[in-house]
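Structure first, then comments.
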Amino acid sequence: MQSRVLIHQADFDVSEECRALASSNRCGAVAQFVGVMRDYNEGDNVVAMELEHYPGMTERSIESIIERANTRWPLLSVTVIHRVGKLLPGAQIVFVGVGAMHRHAAFAACEFIMDYLKTEAPFWKKEKKSDGSERWVDARVSDAESLGRWAE
Amino acid sequence: MQSRVLIHQADFDVSEECRALASSNRCGAVAQFVGVMRDYNEGDNVVAMELEHYPGMTERSIESIIERANTRWPLLSVTVIHRVGKLLPGAQIVFVGVGAMHRHAAFAACEFIMDYLKTEAPFWKKEKKSDGSERWVDARVSDAESLGRWAE
Amino acid sequence: MIKVLFFAKYRELLGLGQMTVELHSTTTVADLKNRLVKEGGDHWAQALLADNTLCAVNQTIAHDGDAIADGDEVAFYPPVTGG
Amino acid sequence: MIKVLFFAKYRELLGLGQMTVELHSTTTVADLKNRLVKEGGDHWAQALLADNTLCAVNQTIAHDGDAIADGDEVAFYPPVTGG
């Protein structure tokens with residue numbers, strides 16, 4: 001399994017990532033997730049977002065999640081890209097792509113990685129509202145709950 | 001929900017499709033699947049593939065699958081592109097993309113649409129082997145079985 | 001008159017993708033199959049009477065007991081293998 | 001000497017993202033929290049003693065009873081909200 005974890009401010013190109021994920025001649029299926037910044041949250045308009053992370057641990061925690069996915073499903077390639085720094089509404093925030101021989105492994109691993117990334121990887125979002133005030137986004141209980149279905 | 005179904009020989013650009021799927025300002029999640037042509041199947045090298053379909057019914061059956069997905073999950077956008085005609089190993093064959101406010105709806109609907117497309121949409125693959133002989137691909141029992149989990 | 005379509009393996013087996021059939025009265029999918037096999041012979045039996053042969057009437061999946069009326073488009077094809 | 005890091009809301013609350021702490025002997029996560037709160041006061045209690053405060057030792061999730069040794073990197077942060 002080939003894996004790649006990138007944490008940076010720059011945007012990413014989904015076509016390029018898809019091509020790279022499919023580059024093994026055994027790859028028949030690529031499942032991909034892209035998280036996008038919305039322009040409101042919890043009833044307020046949001047005009048910008050600042051994404052903070054814990055350099056080093058972020059990469060380690062994502063690599064650990066990818067390894068756990070790879071022990072559960074036969075994977076050929078995994079790419080995780082997470083942007084940090086200042087982002088505006090409509091921006092792509094996160095990319096998780098998984099290549100596999102067959103689609104069920106690709107889908108399951110892609111969703112598994114997103115679910116664990118949401119609850120383990122040390123990123124924090126701070127929103128800027130239209131009145132200029134800022135607030136740290138609260139973690140969602142539903143994200144912790146969604147891990148339940150991966151219990152073995 | 002905005003939906004788009006395209007059946008054609010030309011390739012597609014995953015980045016463009018992703019951008020279009022995310023264009024609603026309520027969209028926070030885009031799940032995408034890309035099926036890729038492998039260079040062997042059932043123990044033989046495959047050098048080319050010819051994809052036949054039933055024009056008219058193909059579009060209808062995919063639109064019906066999308067509508068069923070939309071009654072089960074709150075979706076913002078769905079795009080299905082399926083290539084037909086002659087394809088070579090490594091080629092992208094099918095694209096299914098779903099935009100939604102939250103990721104679970106996007107993932108579930110994307111996989112649901114692929115599972116039903118595999119068993120209902122009238123496409124047929126004919127493989128050309130390296131010795132020049134041709135064969136129609138047989139349907140997989142596993143594809144019919146995978147519908148079981150969508151039973152309500 | 002109805003239009004009858006054949007796809008993929010069946011199109012090749014029968015050597016044709018499309019034909020028209022004169023309909024004297026409303027019939028069923030099973031009746032149409034039997035009539036075509038009776039007129040056509042072995043290859044037609046292989047295509048139309050296989051356990052997993054699918055039929056669509058006016059581009060909607062249909063079964064042996066379903067009715068076919070004048071003007072309908074009827075298609076016979078093997079299990080699908082797209083995606 | 002250990003390195004202690006604070007992120008996000010806690011970094012802002014404490015007004016610092018990083019500090020070093022002299023370690024006289026091997027200690028636990030809970031001991032370190034209590035020591036920092038005792039020296040620092042209310043804000044430190046809010047950050048370090050909240051029910052959902054997370055701790056990582058050498059970039060791996062750690063819990064109150066886990067040991068901290070000289071040279072370790074210890075981080076305190078609120079629940080994560082990436083993705």
Side-chain angles (χ1 to χ4, degrees), chain A residues 5 7 33-38 41-42 49-65 80-85 87 92-96 110-127 134-144 146-147, chain D residues 1-21 23 28-29 32-33 36 40 42-83:
Chain A
V5 176
I7 313 295
F33 178 82
V34 176
V36 177
M37 186 183 158
R38 297 196 293 149
N41 189 26
E42 315 245 332
M49 192 165 76
E50 186 78 28
L51 253 153
E52 179 171 336
H53 76 124
Y54 179 176
M57 179 161 176
T58 318
E59 291 84 349
R60 280 172 73 128
S61 73
I62 295 172
E63 279 155 13
S64 147
I65 294 166
V80 175
I81 305 173
H82 203 299
R83 297 178 69 188
V84 291
L87 296 176
Q92 302 185 128
I93 303 170
V94 60
F95 174 87
V96 174
C110 188
E111 196 163 9
F112 175 95
I113 292 168
M114 264 312 293
D115 278 359
Y116 278 91
L117 185 151
K118 277 270 186 189
T119 50
E120 293 187 0
F123 294 100
W124 302 273
K125 286 175 182 156
K126 189 184 200 177
E127 292 174 339
E134 296 184 324
R135 68 174 170 205
W136 290 98
V137 173
D138 277 327
R140 285 172 187 271
V141 174
S142 63
D143 284 327
S146 65
L147 297 185
Chain D
M1 197 126 91
I2 59 170
K3 186 157 88 172
V4 184
L5 306 174
F6 306 99
F7 289 98
K9 198 162 62 177
Y10 298 165
R11 179 179 49 71
E12 288 188 349
L13 181 66
L14 303 178
L16 94 173
Q18 182 170 340
M19 66 190 288
T20 55
V21 173
L23 212 65
T28 66
V29 169
L32 177 64
K33 282 181 182 176
L36 292 173
D42 279 358
H43 284 170
W44 294 73
Q46 277 175 52
L48 301 186
L49 302 182
D51 276 348
N52 57 8
T53 295
L54 296 168
C55 176
V57 174
N58 298 327
Q59 305 187 355
T60 300
I61 286 288
H63 301 283
D64 275 352
D66 290 332
I68 296 169
D70 198 39
D72 282 351
E73 175 178 298
V74 181
F76 293 103
Y77 53 81
V80 304
T81 56

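Quick note: numbers below take in every heavy atom, side chains included, and nothing from hydrogens, waters or symmetry partners. Below, chains carry the letters A, B, ... as their sequence lines are ordered, and counting in each starts from 1.
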Q: Under the side-chain contact (heavy atoms from CB on, under 4.5 Å) rule, what do Trp124(A) and Val80(D) come out as? Steps first, then yes or no, please.
A: CA-CA 6 Å; Trp124(A) 302 273; Val80(D) 304; 4.1 Å; yes
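When side chains are defined from C-beta on, Met57(A) counts as touching Ile61(D), because their heavy atoms get closer than 4.5 Å.
Here the straight-line distance linking atom CD of Glu127(A) with atom OG1 of Thr81(D) works out to 9.0 Å at 0.5 Å rounding.
Looking at Lys126(A), only its side chain comes within 4.5 Å of chain D, counting heavy atoms on both sides. Residue Glu120(A) touches chain D through its backbone alone, counting heavy-atom pairs closer than 4.5 Å. At a 4.5 Å heavy-atom cutoff, Asn52(D) makes no contact with chain A through either its backbone or its side chain.
Note on Met114(A), His82(A), Glu50(A): by heavy-atom pairs under 4.5 Å with chain D, the leading option is His82(A). The residue among Ala56(D), Pro79(D), Ala8(D) with the most heavy atom pairs within less than 4.5 Å of chain A is Ala8(D).
Of residues 12-19 of chain D, those residues lying under 4.5 Å from chain A by any heavy-atom pair are Glu12(D).
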